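Just so you know, these numbers come straight off a predicted model, no measurement behind them. Order of the sequence lines fixes the chain letters, A, B, ..., with proteins taken first and strands second; residue numbering starts at 1 for each chain.
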Number of protein chains: 2
Amino acid sequence: MDSNRDADRWGALADGTRLAIVARLADGPLAVGKLADGLPVSRSAVSQHLKILKDAGLVEDAAAGTRRIYRLNPVALAALRDQLDAFWQRALAGYADAVLAPTEED
Amino acid sequence: MDSNRDADRWGALADGTRLAIVARLADGPLAVGKLADGLPVSRSAVSQHLKILKDAGLVEDAAAGTRRIYRLNPVALAALRDQLDAFWQRALAGYADAVLAPTEED
DNA sequence: CAGGTCGGTTAGTGAATTCTAACGGTTAGT
DNA sequence: ACTAACCGTTAGAATTCACTAACCGACCTG
């Protein structure tokens, strides 16, 4: 099953610090120092979280002189959104099905 | 910050077993036994995961005789999708901004 | 009432995760 | 060349998480 790989993608957004990083990155590309400056953790932690996010394909990095700029990857976000949307639509179908035919299969 | 609360919602989807449960529930409402029957874990684990998912508002339960039927909550899924969509659109804006004006703000 | 099935909860164990602290490497400026 | 600033990595401890096993309560059938 590749559910684990998908879970890794969702897991990247599961941590509060990482979600804050993504939220901050959504406003625009940022360097690690700036990211850590607005968070209650050290730069090391931010760097590790960035590595996880980068490994999940959610962010991309670009070297800019002595600092390194990180930005979100809209494609990965769209993929996550599509999967969630599929769940949503199938859940709606299940709702309608349950209302129209409340028979329990064995 | 309520980032932790949001992180809990994402965290509910972060685990592989829980993601499999959600995927199975997306095809239609199901009882705990049926859920556990198609997963490599015991009913206890499924029940615990169901509690986490229910606590996160992603699933709802309904007593049906001696068994208990679980189904997805499309509203919660839509909320998650909206948040992801907001990230996505803001990331796109950041992309355009970076392309049009590659100046680094202080 | 006795027996069987189904589901939730608790205790306890083993593994994974997150964080800080300290180190080394790279780039820019004097 | 030297110093300063910025970033990534590693080691290690503390917390959190997921799972099995065992127990108890609820519902249906004979």
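Taking each heavy atom of A:R90 and B:D27 in turn, the nearest pair found is NH1-OD1, 2.6 Å. Here the shortest heavy-atom pairing between A:A56 and A:A12 reads CB-CB, 3.9 Å.
Neither OP1 nor OP2 of C:dT9 sits under 4.0 Å from any side-chain N or O of B:S47. Here A:R18 reaches the OP1 or OP2 of C:dT18: one of its side-chain N or O atoms lies under 4.0 Å away.
Under the 4.5 Å side-chain heavy-atom criterion for Ile, Leu, Val, Met, Phe, Trp and Tyr, B:L13 and B:L39 are members of the same hydrophobic cluster.
Distance CG/A:D85 to CG/B:L80: 12.0 Å, rounded to 0.5 Å. A:L35 contributes atom CG, which lies 11.0 Å from atom OG1 of A:T17 (distance to the nearest 0.5 angstrom).
One N or O on the side chain of A:R18 and one on the backbone of A:G11 form a donor-acceptor pair closer than 3.5 Å. A:W88 contributes no side-chain N or O that, together with a main-chain N or O of B:L77, makes up a donor-acceptor pair within less than 3.5 Å.
Running 5' to 3' along DNA chain D, contacts with non-hydrogen atoms of chain A at under 4.0 Å begin and end at D:dC6 to D:dT10.
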Polar-atom pairs under 3.5 Å, protein N or O versus N or O of nucleotides 20-22 of chain C: list them with distances, or write none.
unit_1	atom_1	unit_2	atom_2	d
C:dT20	OP2	A:S42	N	3.1
C:dT20	OP2	A:S42	OG	2.8
C:dT20	O4	A:Q48	NE2	3.2
C:dA21	N6	A:S44	OG	3.2
C:dA22	N6	A:S44	OG	3.2

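For B:D61 and C:dG7, the CG to P distance is 12 Å, given to the nearest whole Å. The CZ atom of B:R67 sits 13 Å away from the P atom of C:dG8 (whole-angstrom rounding). Between the CG atom of B:L35 and the C1' atom of C:dG8 there is a distance of 15 Å, rounded to whole Å. In this structure, A:I52 places its CD1 atom 11 Å from C1' of C:dA16, rounding to the nearest Å.
Base pairing of C:dT9 is made with D:dA22, judged by Watson-Crick or G-U wobble geometry with both donor-acceptor distances under 3.5 Å. Searching all strands for a Watson-Crick or G-U wobble partner of C:dT30 with both distances below 3.5 Å returns D:dA1.
Using a 4.5 Å heavy-atom threshold, the side chains of B:D15 and B:H49 count as touching.
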**OP:** Please assess A:I69 against A:D61 for the test side chain to side chain contact (heavy atoms under 4.5 Å, CB included), listing each intermediate value before the final yes or no.
**Re:** CA-CA 6 Å; A:I69 308 298; A:D61 61 331; over 6 Å; no
